[in-house]
Structure formats: structure tokens, C-alpha cells
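Since the structure comes first, as C-alpha cells, the remarks are kept for the end.
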Amino acid sequence: MNDIYSELGWRGLIHQTTDACSLSAWLRSGSRRVYVGFDPTATSLHVGHLLPLLTLRRFQRAGHRPIALVGGATGMIGDPSGKSEERNLLSVEELQANIAGMEGQMRRFLDFEAGDHAALLLNNADWMRGFSYLDFLRDVGKNFPVSVMLAKDSVRGRLERAEGGMSYTEFSYMLLQAYDFVYLSQNYDCQLQVGGSDQWGNITSGIDLARRMHGVPLYGLTCPLLTRSDGAKMGKTERGALWLDPDRTSPYAFYQYWINVADEDAGRCLRMLTEVEREEIERLEQSCVEHPEARESQRRLAQEMTRLVHGARGLATAERATAVFFGAAIEDLSDAELVEIFADVPSRELPAAELRDQGLALPDALVAAGLAKSKGEARRIIQQGGAYVNNRRHTDQQTCLTDADRASQTVMVLRAGKKRYALLRFTE
RNA sequence: GGGGGGUUACCCGAGCGGUCAAAGGGGACGGACUGUAAAUCCGUUGGCAACGCCUUCGCAGGUUCGAAUCCUGCACCCCCCA
């Protein structure tokens with residue numbers, strides 16, 4: 001049994017725990033069941049979910065038995081924790097799609113074949129569905145003093161806001177999650193719940209409930225929120241969350257996010273998100289101080305994260321795309337390779353005939369590719385030295401593109417500025 | 001109900017009869033520098049068949065050789081008094 005508690009400690013993954021001394025001893029003394037719950041709020045997990053999920057994975061690697069819980073029931077209500085406003089309820093169809101998507105992703109991070117410490121994937125709808133409202137009020141609700149419920153941050157914060165307020169439905173959310181914990185402790189011998197720091201209130205609700213209903217003590221542990229040194233939430237891009245679904249956030253975009261992490265954040269990310277060993281991380285952190293320009297930490301972080309989420313193949317794609325985006329030759333790649341590498345990049349189809357005769361004027365090509373809103377803007381970009389065809393700069397506005405300018409059979413790679421790429425595909 | 005102020009390009013904001021496609025700032029975009037960073041610096045920022053033409057200053061009309069600028073009506077916003 002590896003000492004998971006001290007590993008979580010040096011990785012900076014412990015924000016709060018109940019009774020730290022006995023928790024760490026309890027974890028050392030046997031293979032324990034641990035659970036983390038995720039409400040199905042989208043068809044894909046995002047980086048924000050990763051911290052507790054990977055923590056669960058660490059527990060398993062240390063010899064404990066993880067339970068990943070999908071909130072088919074709680075997702076129908078909506079967790080008010082950390083939300084400033086009442087949210088709309090998800091439809092049953094949405095919920096089904098979300099559950100399916102998130103379950104599939106969660107499976108990849110845990111080992112379900114690991115014999116006596118195999119992971120479990122459960123859905124709280126399975127035990128909540130048959131629970132009648134009256135029974136629930138009598139068995140569970142009776143144990144919740146309203147005064148305690150009102151004191152929870154998630155509730156108080158909302159009630160204090162003049163325009164906020166909160167429905168009875170969301171107010172009840174904590175009872176459901178509390179009951180999950182009790183249920184898992186009774187039926188699966190699970191005595192530890194892990195979650196993000198915003199889950200503290202819900203976790204302690206479960207612990208209180210277990211004590212009142214059955215007189216048993218349970219443990220709770222929360223991970224800190226992963227934030228950037230500038231205060232922003234890690235995993236947020238200009239275009240929204242960083243998703244694990246490759247169709248929402250491509251492996252390349254995912255890789256690039258980590259490559260671009262600020263120096264100050266790289267070490268913390270390595271500790272909290274990767275499975276790189278302590279010595280290695282300390283070496284990388286040293287390198288970050290002495291040779292920041294090498295960006296060894298970021299590179300390693302990007303590799304580890306991309307491999308973890310998208311597999312070796314996803315990492316290979318991302319790295320190849322990175323090489324091409326930042327200067328490698330484009331000419332000797334095939335159609336299929338180009339399309340794969342530039343999967344993120346917007347592409348437009350044009351009839352191949354455009355390249356015949358006079359050819360296609362460069363400004364028109366930039367507009368057609370969506371890199372410029374007007375020909376005037378396209379001309380400006382060319383004039384200022386920002387127009388590239390297959391990574392070669394063109395400064396003459398009169399340039400006309402012909403068959404010879406294709407990078408492969410049907411593809412031409414256009415670029416405006418350093419990073420804005422677009423593909424033109426020429427079809428008969 | 002009475003009185004006053006406003007509505008300008010992606011945003012803020014100057015302009016108050018011609019020289020206004022409209023100052024300045026922010027943002028965005030391109031370039032240089034660099035570590036695919038930050039900071040900095042330079043340039044661009046309505047459209048087009050482009051030394052010219054067309055469309056833009058809340059909306060609709062009007063005065064004028066000429067209007068973002070003056071007049072009339074309408075819409076929306078803000079402030080003060082009741």
C-alpha cells in the first residue's frame with residue numbers, strides 16, 4: 001500500500017480533509033473504497049473535472065478501490081455549489097447523452113480489470129429512482145436541520161445576492177449528494193469521498209447524515225481549485241473550456257494549451273495533473289528557473305497530459321501538427337496527413353477550376369479561406385508581410401495561385417500572421 | 001406632468017456647415033524583438049473594378065451649392081423637479 005496521503009500532500013492536491021491524522025492512518029492500513037461524483041452537465045468532461053478524476057486514479061494506483069459516480073439523479077436537479085444563479089434544468093434526453101459521453105471518458109482513466117481493487121462505475125439514478133418523495137423526506141430529510149442547510153456557503157452566497165435567490169429544488173441538492181455517500185458507505189463499504197474544493201459542503205453534509213442515520217464516521221477530502229498565477233481558472237480558453245472530447249478540443253489544441261502554460265504555473269500543473277515522479281518534477285522546476293527558454297516543463301506537461309487524455313496516437317498527431325505549424329515543410333505531406341494535422345483549422349472547398357488559367361488571386365484566396373473579412377483586409381495582410389502559402393511568405397498582392405501552389409493533391413495551406421491557418425481544398 | 005442632456009465606426013469617446021471615412025484611447029489584426037511567453041516598439045483598422053467611386057455618425061423627412069454638424073417629426077436612453 002503506497003502512502004497515497006503523503007503523495008497527495010506533496011503534489012498539492014489536498015485542500016481540506018476531515019480529521020487528517022486518522023484519515024492518513026486509515027488509508028495506510030488497508031485497501032479502501034473512495035468515490036468521486038460527477039454530474040452530467042455536458043457530453044464531455046473538461047479539464048476542471050480532471051483534478052478529482054486523476055486523484056481517484058492515483059488512489060487506485062496506490063492500491064485503493066475507486067468508484068466513479070455519475071450523477072444521473074443529481075444531474076436532474078443541478079448543484080448550486082459555486083453557481084451564482086439558478087440554472088435551467090436539463091432535459092432527460094440531454095442528460096442521457098451527457099451520461100453516455102462522460103461515462104465513456106471516465107472509463108479510460110480507471111482500471112476496471114484490476115482484480116480486488118478494480119474500479120466501479122455507478123449511477124446514483126439507480127438507487128434514487130425507486131426512492132419515493134415521502135420516504136425520502138422521512139428517512140433523509142428529517143436529519144437535515146434547515147439552520148445548518150442555510151449556513152452552507154452554496155446557499156448563503158446565493159441568498160445574500162439581491163437578484164439571486166434559489167429554488168427549493170436546488171436547495172434540496174445537498175440532501176441527494178449526502179444520501180449518495182451514505183448509500184455507498186452502506187452498500188459498497190465506501191468511507192471516503194473526494195471532490196473539488198467547491199464540494200466541501202456537500203461532502204460534509206453526507207458525513208453528517210451518515211452519523212445521524214447510522215452512527216458511522218466517514219471521511220472527506222477536497223482538491224484545490226486549479227488556478228493560474230494570474231488568477232484565472234486553469235483550463236479556460238478564449239473559446240471556452242478545454243474539453244477532453246477530441247471533437248470539441250482537438251489533441252493539437254489540447255497540447256498547445258499546456259505548451260503555453262506560464263512558467264510560474266508549469267511546476268504546479270506537473271505536480272497536480274501528471275504522474276511524473278517527484279524527483280523528475282523537481283528537476284524540471286529547476287530547469288524552468290535556469291533555462292526558461294527551453295520550456296522543458298511545458299513540453300513535458302503537454303506530452304504527459306495529451307498522452308493521458310488522447311493516448312499515444314493523439315500525442316503523435318499533436319506533436320506532428322505542432323512541428324508543421326511552427327515551421328516544418330509542408331510540401332511532402334499527403335492529402336490525408338495534411339487533413340489530419342490541420343484538423344482544427346477551418347477549411348473551405350473551392351472548385352479546382354479556380355486554379356486554372358489566370359489562377360486564384362492571393363487576396364481572394366485569403367478571403368475565401370476566411371482569413372480576411374474583405375479584400376482590403378487581405379491586401380493589408382499581404383502588404384504587411386503576414387500572408388503565407390504553404391508556410392512561404394508572399395508579399396506581392398498580384399500573386400496568383402495555380403495548381404503548382406497546392407501542397408498536396410487537393411490541399412493548399414494558407415496562413416495569416418504567425419498562427420492563423422486555414423485550408424483550401426480544391427475539388428473537381 | 002414640467003425642465004434639461006444624450007444617441008458617432010467592434011467598444012469608449014471627440015467633432016458641432018465645407019479641408020470628415022470622421023481626433024484620441026481600448027480592442028482586434030499584421031510586423032519586429034522573444035521562449036509559440038510577458039513587456040515593449042512599429043504599422044493597419046468601412047467597402048470596392050482604388051490617386052477615383054460607393055456606403056457610414058439613432059430613424060424619417062427638410063434647409064443648403066454642400067450636413068455627423070442647422071430645422072421638423074419619431075424612437076430609445078439618462079438626469080433634475082413634481
Side-chain angles (χ1 to χ4, degrees), chain A residues 226-240 242 249-270 283-306 314-330 341-346 354 357-400 413-422:
Chain A
L226 186 54
T227 53
R228 297 195 318 207
S229 49
D230 64 9
K233 229 186 234 173
M234 189 61 79
K236 282 267 185 245
T237 67
E238 314 77 55
R239 268 180 265 140
L242 200 60
T249 301
S250 72
Y252 168 74
F254 189 83
Y255 180 92
Q256 283 293 316
Y257 181 85
W258 301 109
I259 271 286
N260 282 309
V261 160
D263 294 351
E264 306 78 69
D265 298 327
R268 206 153 30 84
C269 285
L270 280 167
R283 191 191 68 71
L284 288 165
E285 283 173 335
Q286 195 56 31
S287 155
C288 204
V289 174
E290 286 163 14
H291 300 285
E293 73 285 356
R295 286 181 311 139
E296 212 183 335
S297 295
Q298 282 92 334
R299 206 173 308 278
R300 184 64 185 277
L301 176 65
Q303 284 169 355
E304 293 290 331
M305 294 306 293
T306 309
L315 174 59
T317 309
E319 286 187 320
R320 225 147 44 97
T322 294
V324 170
F325 274 53
F326 295 93
I330 283 180
I341 289 170
F342 287 93
D344 285 0
V345 151
E354 296 277 358
D357 304 327
Q358 302 286 303
L360 178 61
L362 184 52
D364 293 328
L366 290 171
V367 173
L371 290 173
K373 285 196 284 294
S374 65
K375 280 192 210 178
E377 187 181 332
R379 289 210 183 83
R380 224 174 284 136
I381 290 170
I382 298 165
Q383 190 185 0
Q384 293 178 140
Y388 297 78
V389 178
N390 303 328
N391 275 352
R392 256 199 293 280
R393 179 181 273 179
H394 286 257
T395 50
D396 182 2
Q397 312 208 350
Q398 308 305 321
T399 303
C400 282
V413 181
L414 298 183
R415 188 175 120 208
K418 283 181 208 168
K419 297 184 197 173
R420 292 168 55 222
Y421 278 91

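Everything quoted here is computed from the prediction, not taken from an experiment. Throughout, a chain's letter reflects where its sequence line sits, starting with A, and its residues are numbered from 1.
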Taking only the side-chain heavy atoms of [X] (C-beta and beyond), determine which of [options] contains the nearest atom.
X: A:Arg393; options: B:G47, B:G35, B:G31; answer: B:G31
X: A:Arg420; options: B:C33, B:U36, B:G30; answer: B:G30
X: A:Asn260; options: B:G35, B:U36, B:C48; answer: B:U36
X: A:Arg380; options: B:U45, B:G35, B:G31; answer: B:U45

To the nearest Å, how far apart are [X] [atom1] and [N] [atom2]?
X: A:Ile382; N: B:U44; atom1: CD1; atom2: P; result: 17 Å
X: A:Gln384; N: B:G43; atom1: CD; atom2: C1'; result: 5 Å
X: A:Lys418; N: B:A37; atom1: NZ; atom2: C1'; result: 10 Å
X: A:Arg295; N: B:A38; atom1: CZ; atom2: P; result: 11 Å
X: A:Glu296; N: B:A37; atom1: CD; atom2: C1'; result: 17 Å
X: A:Glu293; N: B:A39; atom1: CD; atom2: P; result: 19 Å
X: A:Asp263; N: B:A38; atom1: CG; atom2: P; result: 11 Å
X: A:Glu264; N: B:G35; atom1: CD; atom2: P; result: 17 Å

Rounded to whole angstrom, note down the [atom1] distance from [N] over to [M].
N: B:C70; M: B:C65; atom1: C1'; answer: 16 Å
N: B:A23; M: B:C12; atom1: C1'; answer: 14 Å
N: B:A67; M: B:A21; atom1: C1'; answer: 15 Å
N: B:G26; M: B:C74; atom1: C1'; answer: 34 Å
N: B:G17; M: B:U69; atom1: P; answer: 11 Å
N: B:A82; M: B:C11; atom1: C1'; answer: 37 Å
N: B:G6; M: B:A14; atom1: P; answer: 10 Å

For [X] and [N], is the shortest distance between a side-chain N/O and OP1 or OP2 below 4.0 Å?
X: A:Thr322; N: B:U36; value: no
X: A:Lys375; N: B:A49; value: yes
X: A:Lys419; N: B:A37; value: yes
X: A:Arg379; N: B:A50; value: no

- Looking at A:Glu296 and A:Arg300, does any basic side-chain N land under 4.0 Å from a carboxylate oxygen?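 Answer for the salt bridge query: no.
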
- Task: If the glycosidic angle is within 90 degrees of 0 it's syn, otherwise anti, so just tell me which one B:C51 is.
- Result: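 Here B:C51 takes the syn form, which means its glycosidic angle is within 90° of 0.
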
Paired with [N]: which nucleotide, if any, by Watson-Crick or G-U wobble criteria at under 3.5 Å for both distances?
N: B:C74; value: B:G58
N: B:G17; value: none
N: B:C48; value: B:G52
N: B:U69; value: none
N: B:C41; value: B:G31

- So, does the side chain of A:Gln256 form a donor-acceptor pair with the base of B:U36 at under 3.5 Å?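 Check passes, donor-acceptor contact within cut-off.
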
- Go through the steps for A:Val261 and A:Leu301 under the test side-chain contact (heavy atoms from CB on, under 4.5 Å), then give the verdict. CA-CA 9 Å; A:Val261 160; A:Leu301 176 65; 4.1 Å; yes

- Query: When you match A:Ile259 and A:Gly385 each to their closest nucleotide on RNA chain B, which lands nearer the 5' end?
  - Reply: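 The residue closer to the strand's 5' end, by nearest nucleotide, is A:Gly385.
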
- Message: I want to confirm an ordering. Mapping A:Arg299 and A:Ser374 to their closest nucleotides on RNA chain B, which one lands closer to the 5' end?
- Response: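 The residue closer to the strand's 5' end, by nearest nucleotide, is A:Arg299.
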
- Task: Would you check if there is a donor-acceptor pair between the side chains of A:Thr322 and A:Gln256 at a distance under 3.5 Å?
- Result: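 Per modelled atom types, A:Gln256 and A:Thr322 side chains form a pair under 3.5 Å.
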
- Touch check for A:Gln298, heavy atoms < 4.0 angstrom, all strands: base, sugar-phosphate only, or nothing?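 Contact class for A:Gln298: base.
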
- Indicate, with a heavy-atom threshold strictly under 4.0 Å, whether A:Ala294 touches base, sugar-phosphate, or nothing.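 It contacts nothing in the nucleic acid.
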
- Message: If you apply the rule side-chain contact (heavy atoms from CB on, under 4.5 Å), what do you find for A:Lys375 with A:Glu377, and how did you get there?
- Response: CA-CA 5 Å; A:Lys375 280 192 210 178; A:Glu377 187 181 332; over 6 Å; no

- Item | Derivation of the side-chain contact (heavy atoms from CB on, under 4.5 Å) call for A:Ile341 and A:Thr317 | CA-CA 7 Å; A:Ile341 289 170; A:Thr317 309; 5.8 Å; no

- Task: Kindly determine whether A:His394 and A:Ile382 satisfy side-chain contact (heavy atoms from CB on, under 4.5 Å), including the steps that lead there.
- Result: CA-CA 7 Å; A:His394 286 257; A:Ile382 298 165; 5.5 Å; no

- Message: Please check this pair: side chain of A:Arg299 against backbone of A:Ala294, looking for a donor-acceptor N/O pair closer than 3.5 Å.
- Response: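 Side chain of A:Arg299 to backbone of A:Ala294: a pair is present.
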
